Amino acid sequence: MKLVTCGLPYANGKLHIGHLRTYVPADVYVRFLRMMNEKVIFICGSDCHGTPIVVNAEKEGISPKELVEKYHEHFMRVFKEMEISFDFFGKTTEYYHHERTKEIVNRLIEKGYVYSKEVELAFCEKCNRFLPDRYVEGICPYCKSPARGDECDQGCGRHLEPGEILEPRCKLCGNIAIFKKRKHYFFKLTAFQDFIKYYLSNLSGTENAINYAKEWVENLKDWCITRDLDWGVRFPLDETLVLYVWVDAPIGYISFTEKFTREWEDIWLKGDAEIIHFIGLDIAYHHCIFWPAMLRAANYALPNAIVASGMVKIEGKTFSKSRGYVVWVEDEYLRAGFNPDYLRYYIVNYTSHEKDLNFSWDVFREKINNEVIATLGNFLFRIMSFSWKNFGTVKMVVDREIIERIAKSKERIVEAIRKWEFKSATDAIMELASFGNTYFQNSKPWEIIKSDKERAMKIVANALQIAKALIIFSYPVMPKSMEKIGKAIEMNLKSCSIEDATKVEKELKIMKLELPFEKIEEKDLENLKMALLDRFAEKPEISIEDFKKLDIRIGKILSVERVEKSKKLLKFIVDIGNERRQIVAGIAENHKPEELLGKLVVVLTNLKPARIMGVESKGMILAADADGKAFLLIPEKEVEVGTRVK
RNA sequence: GCCGAGGUAGCCUAGCUGGUGGGGCGACGGACUCAUAAUCCGUAGGUCGCGGGUUCAAAUCCCGCCCUCGGCACCA
């Protein structure tokens, strides 16, 4: 028996293609396993706790419960439409989940793996709540840059311990945050270092996740598992605290299994099943370190494999919701009327599971039109149509070479699926379709049928057997379309085994098949491509008064030097006419300091001064930002220093 | 900076226990008509990131360098 899970989607936003990068391959995997007659349970659910949900609910003026409910419904709807076939999709707000979580945490406590410690935490008196580190803004104590409570994100990049940050403010309301002592609880993660090392050395799955974990395991710290929040699973030793979401979220794998089947104990306590977690690489830490340590501590069964998918890019750009490089599954893909199977195929076939997947609408169109429709779809359609028109019922006498060719594909597919090589598996399908086309083309049954109907039928039988195999092999990837096509030869794919691909019926009855796929036209994509571009370019309109607030002048670079320990930063002294300014600019990556000396540049002089990596900067040197590289703006002719720019 | 993955024709990739660089898409030419201008046959296109070394022989092994992406924890 196998238990397959997917990382729980966080019930704080809609599903995008990045999510599907994990869920689609997992679903394809599960569907193949089912066809390989393996007993498999496929589990997922909404991750509903944590501060971001509370904060976002407040913003929307609804309760956290309502917010979570909204996205939970969204997830279920989209997964259904995308044919992601979870056996059970739960949510972590449910009673049974809280009970299972508390039971496990109690075990950790009983075994002495939890201890308490006084820590100082930021507290906002106006919002009347403790602030998680990333909701605190202040100054880095090391380099004096603006920083977040948990790390100096703009300056030196150092990790900050709670309480270290200077001048802390509440990110939500802007008020000064104070530090309060509070007793929190820690899990003795450090006690599991040797265990995790050993565990990782035996862990199966994709190398990307395991390699990272091997590095992380060298430097473990105990893990603070409680938060000051009303929303979440109550911590048994102190009901005023809730558990950190990353404690209860993975326990969802257990509680959802428990809710779904009585066999849950065999799986999670006795260890009778192979447990396989599909995740995004971003949560590898939790799944390779925290999670196995917790399970071990509580005496539960351990995962056998962690399968981590690579990142998603949109039109070649790094995926980013805030910058607009995102494709929303429901609003953009499904609502545009595309067949869900197209996206499923794209995701599993674009590249190998661990590598970055680039989603581009043009590539999407080309791949689908050429591979799914022209190669595979057209083969199925031409064979079915030819058989239906000329025979109706075909006596299935199939050559041994044909069966062997199909068996070869089957083996390659099964082997690839077992290694999570979905591209390789789907490539094998396309190769078989291509073989079918070649066979049919070279056999010319449309000519032969004029003189020898028997011989033509033999060719058709061979082609039909290939078609049948293709429908079976493609079903896990494109279930909706294959079901439709399969009906034309009375196949019941739901109860089909992959072994049926090489089994030969006495005869096949063929019904009329409507065009199974619709090509993607350039015009279908226009709006979607535009939407992507607009989103990226979007900036609010401003008035001339707004623009006049900017004091922009021509300056002359008097001196340049590198900022210590920084790859990007240069420190300038710039003459702006009436004074000399020290300005820091991030252009070191494609400029040599000595080449910049004496150059005239455009300077925004009334920018609020800032400290960048500990160095004061008063103003900004303007440059064109071309894909992260900075190119200085330089006046067309030599003008006087201090000249205004309008 | 440190660690990991990777750099093979415009794009996606196979090859990486060394022995004349394969495939797919796209491009170009031809054939055919059962089929959604689909399919089939053929052609062009590569300094296998760069520089050294080992070897009779290196994309493949060793050394150095460059570039890309990711990780460097409590971020859900």
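Because only heavy atoms are used, hydrogens play no part in the values below, and waters and symmetry mates are left out as well, while side chains stay in. None of these values were measured; they are calculated from a predicted model.
- Base pairing of B:U43: its partner is B:A27, meeting the Watson-Crick or G-U wobble criterion (both donor-acceptor distances under 3.5 Å).
- Of the side-chain N and O atoms in A:K519, one or more sit less than 4.0 angstrom from OP1 or OP2 of B:A38.
- A:R21 places its CZ atom 13 Å from the C1' atom of B:G70, with the value rounded to the nearest Å.
- A:H19 contributes a side-chain N or O that, together with a main-chain N or O of A:H16, makes up a donor-acceptor pair within less than 3.5 Å.
- Ring pair A:H287/A:Y253: centre-to-centre distance below 6.0 Å.
- Nearest approach of A:I306 to A:A209, heavy atoms of both residues: CG2-CB, 4.2 Å.
- Residue-level contact check: A:P516 touches the bases, meaning some heavy atom is under 4.0 Å from a base atom.
- Rounded to an integer number of Å, the gap from CD1 of A:I429 to P of B:C25 is 16 Å.
- In the set B:C40, B:G70, B:C11, the nucleotide with an atom closest to the side chain of A:L281 is B:G70.
- Atom pair A:I485:CD1 and B:U36:C1' shows a separation of 12 Å (rounding to whole Å applied).
- Using a 4.0 Å heavy-atom distance criterion, A:K214 is classed as making no nucleic acid contact.
- B:G64 and B:G22 have their P atoms separated by 32 Å, with the value rounded to a whole Å.
- A distance of about 31 Å separates the P atoms of B:G6 and B:G45, rounded to the whole Å.
- Side chain of A:D222 to backbone of A:T190: a donor-acceptor contact under 3.5 angstrom is found.
- Rounded to a whole angstrom, the distance from the C1' atom of B:G23 to that of B:U8 is 13 Å.
- Aromatic ring centres of A:F422 and A:Y350 lie farther apart than the 6.0 Å criterion allows.
- For A:F440 and A:F386, the ring centers sit closer than 6.0 Å to each other.
- Partner assigned to B:G6 is B:C67, using Watson-Crick or G-U wobble distances below 3.5 angstrom.
- Remark: A:R405 qualifies as a cation-pi partner of A:F435 under the 6.0 Å distance and 45° angle criteria applied to the six-membered ring.
- Looking at every heavy atom in both residues, A:H49 comes nearest to A:Y10 through O-OH, 2.5 Å.
- Taking CG of A:L343 as the reference point, atom CG of A:L20 lies at 5.5 Å (rounded to 0.5 Å).
- Taking only side-chain atoms of A:F290, from C-beta outward, the nucleotide of B:C40, B:C74, B:C12 with the closest atom is B:C74.
- In this structure, A:W216 reaches the sugar-phosphate backbone alone: every heavy-atom distance under 4.0 Å involves primed, P, OP1 or OP2 atoms, never a base.
- Here B:C72 sits opposite B:G1 as a Watson-Crick or G-U wobble pair (both hydrogen-bonding atom distances under 3.5 Å).
- Taking the P atom of each, B:U43 and B:A35 are spaced 29 Å apart, rounded to whole Å.
- One distance of note links CD1 of A:I383 with CG of A:L470; it measures 10.0 Å at 0.5 Å rounding.
- Proximity of residues 356-366 of chain A to RNA chain B (heavy atom under 4.0 angstrom from any strand atom) is restricted to A:D356.
- What separates CZ of A:F435 from C1' of B:G23 is a distance of 17 Å, to the nearest Å.
- Sequence order on RNA chain B of the closest nucleotides to A:E431 and A:D222 puts A:E431 first from the 5' end.
- Nucleic acid contact class of A:L8 (heavy atoms, under 4.0 Å, all strands): none.
- Note on A:N370: a side-chain N or O is less than 4.0 Å away from OP1 or OP2 of B:G26.
- Residues A:S434 and A:E431 have side chains that never bring a donor and an acceptor to within less than 3.5 angstrom of each other.
- Distance noted for atom C1' between B:A38 and B:A14: 28 Å (whole Å).
- At the heavy-atom level, A:A249 lies nowhere under 4.0 Å from the strands shown.
- The CD1 atom of A:I283 sits 16 Å away from the C1' atom of B:G70 (whole-angstrom rounding).
- For A:W246 and B:C74, a side-chain-to-base donor-acceptor distance below 3.5 Å is absent, hydrogens and geometry of angles not being considered.
- Annotation: A:W420 is not in aromatic contact with A:H353 [ring centroid separation under 6.0 Å not met].
- Cation-pi geometry between A:K117 and A:F186 is satisfied (NZ or CZ under 6.0 Å from the ring centre, within 45° of the ring normal).
- Between A:E354 atom CD and B:G7 atom P the separation is 13 Å, expressed in whole Å.
- In the set B:G70, B:U36, B:C25, B:G70 carries the atom at the smallest distance from any side-chain atom of A:Y212.
- The residue A:S434 sits close only to the backbone: its heavy atoms come under 4.0 Å of sugar-phosphate atoms, none of a base.
- Here B:G18 sits opposite no nucleotide as a Watson-Crick or G-U wobble pair (both hydrogen-bonding atom distances under 3.5 Å).
- Sequence order on RNA chain B of the closest nucleotides to A:S352 and A:P52 puts A:S352 first from the 5' end.
- Comparing B:A58 with B:C48, their C1' atoms sit 11 Å apart, to the nearest whole Å.
- A gap of 42 Å separates the P atoms of B:U33 and B:U20, to the nearest Å.
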Could I get a table of every N or O pair under 3.5 Å where one atom is in the protein and the other is in nucleotides 31-35 of chain B?
residue : atom : partner : partner atom : Å
B:C34   : O2   : A:R382  : NE           : 3.1
B:C34   : N3   : A:R382  : NE           : 3.3
B:C34   : N3   : A:R382  : NH2          : 2.4
B:C34   : N4   : A:R382  : NH2          : 2.8
B:C34   : N4   : A:Q441  : OE1          : 3.1
B:A35   : OP1  : A:K389  : NZ           : 2.9
B:A35   : O2'  : A:N378  : ND2          : 2.5
B:A35   : N1   : A:R382  : NH2          : 3.2
B:A35   : N3   : A:N378  : OD1          : 3.2
B:A35   : N3   : A:R382  : NE           : 3.2

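- The interatomic distance linking A:N219 (CG) with B:G71 (C1') rounds to 13 Å, in whole Å.
- Atom-to-atom, CE of A:M311 to P of B:G70 comes out at 8 Å; the value is rounded to the nearest Å.
- Spacing between B:C69 and B:C11 at atom P, rounded to whole Å, works out to 16 Å.
- A:Y285 comes within 4.0 angstrom of a base, heavy atoms only.
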